[in-house]
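Read through the structure below, which is laid out as structure tokens, and then see the notes.
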Amino acid sequence: MWAATDDGISKILVNQPISSINSLSGLSGNILQVHQHEDYVYVATTRQLSIWNTKDSKLIELAIRFPFSLSEMNVRMFVSSISGIYEVSGENITLIHDKNDLMKIRGIDSGTSQKIVGVNEKGLFFIELNNNTTSTTSTEIDTDKSLIDLEIHDHTIWGMSRRGDIIQFDLEGNE
């Protein structure tokens, strides 16, 4: 288990000592999100995306500045940032879309298709992934209900607006 602290992240093992990754390890910025995927711990801070290689206890700064959100889908890891949406695999980074205002992203794997759903000031944004290519479809929600957070459960997307409204959106398009 990894825990976010004021100045880094700490690994907590039952009956084991705590391992810490912080500014002394080279981590910069305030922690926004932490996610472990395969042999890497991805750390999104207010400045950049860093990864901690758990095999060799090495911190690596990736060339993704100002990350907003991390999301894992199936065996794939994605990050949204000020410069777009990337697929990240260890130290390898691939820009998959230049959409740069998605504050939170989540992945949906329906078995037949994979989508990234993001929220921004205009509402929901969908990116459909098709065999290493991307096609983009967008769904807009009234600007007075601009979304800042989302969760996905079964076939329903739940969004939260700045005003505190909860929006329900099913994947068949019924709000």
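Atoms considered below: every heavy atom in the structure, side chains included; atoms not considered: hydrogens, waters and symmetry mates.
The backbone N or O of Arg65 sits nowhere less than 3.5 Å from a side-chain atom of Gln48 that would complete a donor-acceptor pair. Judged by distance alone, with hydrogens and angles left aside, the side-chain atoms of Thr46 form no donor-acceptor pair with the main-chain N or O of Gly29 at under 3.5 Å. With Ser71 contributing its side chain and Gly107 its backbone, the two residues share a donor-acceptor pair below 3.5 Å. Within the 3.5 Å criterion, the main-chain N or O of Gly90 finds a donor-acceptor partner in the side chain of Tyr42. Distance alone, capped at 3.5 Å, is enough to place a donor-acceptor pair between the Thr45 side chain and the Ser28 backbone.
Side-chain contact check for Gln168 versus Trp158: some heavy-atom pair is nearer than 4.5 Å. Under the 4.5 Å side-chain criterion, counting only non-hydrogen atoms from C-beta, Arg76 is not in contact with Asp109. Counting heavy atoms from C-beta on, the side chains of Ser57 and Trp52 come closer than 4.5 Å. For the pair Leu129 and Ile116, the minimum side-chain heavy-atom distance is below 4.5 Å. Side-chain contact check for Lys58 versus Ile60: some heavy-atom pair is nearer than 4.5 Å. Looking at Val119 and Asp149, their side chains never come closer than 4.5 Å, going by heavy atoms from C-beta outward. Side-chain contact check for Ser69 versus Met103: every heavy-atom pair is 4.5 Å or farther apart. By the 4.5 Å heavy-atom criterion applied to side chains, Phe66 and Ser81 are not counted as neighbours.
Atom CG in Asp56 sits 10.5 Å away from atom CG in Leu59 (nearest 0.5 Å). The distance from atom CD of Glu128 to atom CD of Gln114, rounded to the nearest 0.5 Å, is 10.0 Å. Here CG of Leu150 is found 12.0 Å from CD1 of Ile167. Values are rounded to the nearest 0.5 Å. With rounding to the nearest 0.5 Å, the separation of CG in Leu102 from CG in Asn120 is 5.5 Å. Summarising the geometry, atom CD1 belonging to Ile51 is positioned 11.0 Å from atom CD belonging to Glu38; distances are rounded to the nearest 0.5 Å. Interatomic distance, Glu91 CD to Glu61 CD, rounded to the nearest 0.5 Å: 12.0 Å.
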Might you work through the side chain to side chain contact (heavy atoms under 4.5 Å, CB included) test for Ile148 and Lys104, ending with a clear yes or no? CA-CA 7 Å; Ile148 59 171; Lys104 183 77 95 167; over 6 Å; no

Test Met160 against Leu147 for side chain to side chain contact (heavy atoms under 4.5 Å, CB included), laying out the working first. CA-CA 5 Å; Met160 183 179 76; Leu147 300 179; 5.9 Å; no

So Phe169 and Leu124, side chain to side chain contact (heavy atoms under 4.5 Å, CB included) or not? Walk me through it. CA-CA 9 Å; Phe169 184 87; Leu124 290 172; 3.6 Å; yes

Please test Leu32 against Phe68 for side chain to side chain contact (heavy atoms under 4.5 Å, CB included), starting from the C-alpha separation and ending with a verdict. CA-CA 8 Å; Leu32 299 173; Phe68 301 132; 6.0 Å; no

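Taking the six-membered ring where the residue is Trp, the centroids of His97 and Phe125 are separated by under 6.0 Å.
If you run side chain to side chain contact (heavy atoms under 4.5 Å, CB included) between Tyr86 and each of Thr94, Leu95, Leu49, Asn92, only Leu95 comes through.
Residues Ser89 and Glu87 have side chains that never bring a donor and an acceptor to within less than 3.5 angstrom of each other.
Taken together through direct or relayed side-chain contacts under 4.5 Å among Ile, Leu, Val, Met, Phe, Trp and Tyr, Val41 and Leu70 form parts of separate hydrophobic clusters. Transitive grouping of hydrophobic side chains (ILVMFWY, heavy atoms separated by less than 4.5 Å) keeps Ile85 and Ile93 in distinct clusters.
For CZ of Arg47, the number of neighbouring non-hydrogen atoms (other residues, nucleotides, ligands) closer than 6.0 Å is 12 at most.
Here the closest non-hydrogen pair linking Val75 and His37 is O-NE2, 3.3 Å.
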